[in-house]
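A short write-up of the structure that comes next.
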Amino acid sequence: MKYSALKGIHDIFPPDSFIWQHVENTAKEIFSSYGFHELRPPIIESTEVFVRSIGESSDIVEKEMYTFNDKAGRRITLRPEGTASVVRCYVENHLYNLPSPQKFFYSGPMFRYERPQAGRFRQFYQIGAEAFGVFDSIIDAEILSLLKLFFERIGLKELNFQINSIGCDVCRPDYRKALIDFFSSKLEALCPDCRRRYEINPLRILDCKVPDCIKLKEGAPVVIKYLCKECIEHFDSFQAYLNLLNIPFNINPNMVRGLDYYTRTTFEVTCEHLGAQNAVAAGGRYDKLVEEFGGPKTPAIGFAAGMERIISLLKNSGSIKIPAPRIFIASLDFESGKKALSIANNLREKGLWIELGYPGNSLKSQMRRADRVSAEYVFIIGEDEIKLGKLKWKKLSDKSQGEISFSEIDSLISNN
RNA sequence: GUGAGUGUAGCUCAAUGGUCAGAGCACUGGACUGUGGCUCCAGGUGUUGGGGGUUCGAGUCCCCUCACUCACCCCA
């Protein structure tokens with residue numbers, strides 16, 4: 001084979017593309033009902049947009065971005081995530097002057113230069129949503145409620161909702177310091193990765209999976225105990241809203257998000273059937289980011305859902321119907337072929353999905369193809385039918401068949 | 001970036017170091033001269049991922065390389 005798609009980058013084609021459409025259409029419908037409207041940011045930005053939002057020292061920025069110079073020497077990056085672009089757009093276009101809150105959703109490809117594995121690709125698709133301008137945790141609950149309805153509607157089951165609060169810039173420094181104090185005496189026993197995390201982002205030691213590290217973090221300070229009064233109130237009311245909405249959730253104090261911009265609420269939706277990369281959606285609050293981008297002080301919260309992971313769960317559940325043509329028209333020679341073509345044209349103008357058999361193939365093979373594509377009806381036109389001015393029809397599901405004159409085709413369609 | 005596993009027909013996979021590398025699925029035709037699913041018959045493509053080595057002989061063993069997969073890191 002001469003050419004293949006790049007590593008970690010995949011084509012999407014039927015029948016999978018039907019599932020993609022189903023998910024995207026459902027998302028648009030559900031998100032709209034929560035007042036989230038589509039925003040289409042570009043997929044490339046100046047590198048600085050991502051460096052400033054995601055964080056200089058994060059892995060994404062340090063080693064995973066597709067970055068290049070354009071012809072004028074500007075530093076350009078293919079977006080590794082969506083939030084940075086949405087915030088840039090929000091600030092650049094002064095959308096904060098519109099009635100608050102402003103709520104947006106987006107969908108499209110993201111790019112990260114990573115080693116591919118199950119549920120992780122170099123080009124991958126996310127559907128995300130962002131809400132600007134609300135401090136109250138009621139919006140946090142609305143976001144989870146939106147996710148729950150979305151996943152229910154597309155047919156995903158057995159999902160776990162995990163939440164946490166990682167504090168704000170008032171209380172997080174205290175917690176960070178407590179963690180550093182706690183682990184400083186255990187440094188030698190930690191795995192090499194955790195020793196590195198200790199330097200870069202001590203919070204990340206908490207979600208290490210190495211058995212020894214799991215033991216060592218018993219008795220480690222819990223973030224919730226260090227939250228300031230405002231953060232506690234926010235987290236408590238968040239949970240009250242979730243209970244009101246009957247959204248089952250677990251508090252996972254070890255869930256710390258990797259991106260620097262998160263504050264207070266973080267959450268993740270996971271599914272056990274996925275493999276190591278088990279999050280189908282994740283997000284959180286980022287109350288400082290708009291300001292850092294030069295906008296007014298504006299609280300915000302958002303999430304991103306991984307399309308490929310959703311699709312793979314739906315494929316395994318086998319619950320998606322693949323659409324099928326309404327009518328398959330088989331024909332046997334030049335004259336009947338012409339008749340078939342013109343009937344097909346008329347019916348397609350009415351919006352019906354019509355497949356044509358081709359007279360070069362035997363009727364048997366045309367019938368077989370009609371069956372393979374799960375056509376509802378087969379029309380058969382040959383020499384006799386042309387002479388008599390009528391065609392034979394057959395309904396494949398129950399084998400019923402009959403004849404109908406060419407002029408009566410419309411009524412057969414509308415009666416069935 | 002690190003580690004492990006796998007590369008044989010369009011797809012899923014067989015083949016103890018030994019003759020000509022096979023089967024199922026799928027596709028086309030026929031049995032059924034114009035009626036799908038079931039059954040039977042017929043029809044064919046492989047530089048065994050690529051390169052080198054060991055051997056009388058390599059799909060099989062060794063080395064290199066590439067690709068894919070899974071896991072770590074990280075993250076949707």
*With rounding to whole Å, what would you report as the distance between rG10(B) and rA58(B) at their P atoms?*
25 Å
*Which residues pass the side chain to side chain donor-acceptor pair (under 3.5 Å) test with D136(A), sequence neighbours left out?*
Y241(A)
_So if I take every side-chain heavy atom of F121(A) and compare against rC70(B), rC72(B), rA76(B), which nucleotide ends up nearest?_
rA76(B)
_Applying a 4.0 Å non-hydrogen cut-off, can you work out what V280(A) is touching in the nucleic acid: base, sugar-phosphate, or nothing?_
sugar-phosphate
*Sugar-phosphate atoms are those with a prime plus P, OP1 and OP2; base atoms are the rest. Using that split, label each nucleotide of nucleotides 33-45 of chain B B, S or - for protein heavy atoms under 4.0 Å, 5' to 3'.*
-BBBB--------
*Measuring from L244(A):CG to Q239(A):CD, what's the distance to the nearest 0.5 Å?*
13.5 Å
Could you give the side-chain donor-acceptor pairs of residues 332-339 of chain A under 3.5 Å, partners two or more places apart or in another chain?
| unit_1 | atom_1 | unit_2 | atom_2 | d |
| --- | --- | --- | --- | --- |
| D333(A) | OD1 | E335(A) | N | 3.3 |
| D333(A) | OD1 | S336(A) | N | 2.8 |
| D333(A) | OD1 | S336(A) | OG | 2.7 |
| S336(A) | OG | L332(A) | N | 3.0 |
| S336(A) | OG | D333(A) | N | 2.9 |
| S336(A) | OG | D333(A) | O | 3.2 |
| S336(A) | OG | I381(A) | O | 3.4 |

*Any ring-ring contact (aromatic ring centres under 6.0 Å, His included) pairs touching residues 36-69 of chain A, not counting sequence neighbours?*
Y66(A)-Y113(A)
*What integer number of Å spans the C1' atoms of rG24(B) and rC61(B)?*
30 Å
*Which residue pairs pass the side chain to side chain donor-acceptor pair (under 3.5 Å) test with at least one member in residues 5-14 of chain A, sequence neighbours excluded?*
none
*Under a 3.5 Å cutoff on both atom distances, Watson-Crick or G-U, what's the dot-bracket for RNA chain B ([ ] crossing, | other strand)?*
(((((((..((((....[...)))).(((((.......))))).....(((((..]....))))))))))))....
*side chain to side chain donor-acceptor pair (under 3.5 Å): which pairs involve residues 300-313 of chain A, sequence neighbours left out?*
none
*Could you give all pairs that pass the ring-ring contact (aromatic ring centres under 6.0 Å, His included) test and reach residues 158-184 of chain A, with sequence neighbours left out?*
Y175(A)-Y226(A)
*Ring centres under 6.0 angstrom apart (F328(A), F379(A))*: no
*In whole Å, what separates the P atom of rA67(B) from that of rC20(B)?*
34 Å
Tabulate below the donor-acceptor pairs under 3.5 Å that side-chain atoms of residues 212-219 of chain A make, not counting sequence neighbours, or state none.
| unit_1 | atom_1 | unit_2 | atom_2 | d |
| --- | --- | --- | --- | --- |
| K217(A) | NZ | L206(A) | O | 2.6 |
| K217(A) | NZ | C208(A) | O | 2.9 |

*How would you label the contact of A370(A) with the nucleic acid (heavy atoms, under 4.0 Å): base, sugar-phosphate, or nothing?*
nothing
_For N250(A), all residues meeting side chain to side chain donor-acceptor pair (under 3.5 Å), sequence neighbours excluded_ = none
*According to the side chain to side chain donor-acceptor pair (under 3.5 Å) rule, which pairs have a member within residues 342-358 of chain A, sequence neighbours left out?*
W353(A)-E355(A), E355(A)-R369(A)
Please produce a list of atom pairs where a protein N or O lies less than 3.5 Å from an N or O of nucleotides 64-68 of chain B.
| unit_1 | atom_1 | unit_2 | atom_2 | d |
| --- | --- | --- | --- | --- |
| rC68(B) | OP2 | K7(A) | NZ | 3.0 |

